[in-house]
Amino acid sequence: MTGADMTPVLVIEDEPSIRRLLRTALTANGFHVLESANGQAAFAEIAAGKPELILLDLGLPDMDGLDIIRRLRGEGDRTPIVVLSSRGEEAVKVDALNLGADDYVTKPFGIAELIARIRTALRHRLQVQGAEPVFKSGALSVDLVRRRVEAGGMEVKLSPKEYDILRLLVLHAGKVLTHRFIMNEVWGAAGDVQYLRIYVRQLRAKIEARPEQPEHLLTETGVGYRLQ
Ligand code: CA
């Protein structure tokens, strides 16, 4: 086993059956599992166990999971947080991401998907220091140093705003970015989501082989976008 295989992951979840499921799945995938059944125990575990990633249920008996994100980020703690949310909680997912959570999975979730999200969040944390200057995924290539975008072997000409949106997605590749985050970063203020959708449509027409079935610039319904 390599060191990375024993990455400590803290599961903050009050439902014993879900904790058991997560413990089994994470251990089987080589993670070292720490567990807390409430918010207070979680803060003690974070201080003692130094988890490299946190899986967070938002509905805890003693506090709102959102307050855990707010407090950790407020203290400058950058540990990746993947939220375990329930179906139909789009507004809460958006709040969690805007507070600094890295990603979310919706219950009931598939284990393969959860493990993939965890690996992406851990990889993203490692890339934050020195972002890859060239992003490559299938037929799409984005060179952030030369500001050059290629799709299907052809250079693509983007408008400055289209490029800014794509650059932001590349810098956070694999991560869900909320509408508000993208608008704040690109326009400097929260604008009309409809406006962002128009730009995304234009961008897809240029970088996707089949814009109506995007492979790279994915929609996270009710939340935002993700580049994969
Ligand atoms: Ca719960």
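Both counts, for ligands and for their atoms, begin at 1 and track the order of listing.
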Protein N, O or S atoms lying under 3.0 Å from the Ca ion (ligand 1), listed by chain and number: D14 OD1, D57 OD2, G59 O

So, are E13 and R19 salt-bridged, with charged N and O less than 4.0 Å apart? no

Hey, are R167 and D164 close enough for a salt bridge, meaning a charged N less than 4.0 Å from a carboxylate O? no

Any chance you could measure F135, atom CZ, to L171, atom CG, to the nearest 0.5 Å? 11.0 Å

One pair to check against side chain to side chain contact (heavy atoms under 4.5 Å, CB included): V83 and I69. What are the steps and the verdict? CA-CA 10 Å; V83 164; I69 303 172; 4.0 Å; yes

Quick one: closest heavy-atom pair of L177 and L168, and the distance? CD1-O, 3.9 Å

When you group the ILVMFWY residues by side-chain heavy-atom contacts below 4.5 Å and let the links chain together, are L55 and L99 in the same group? no

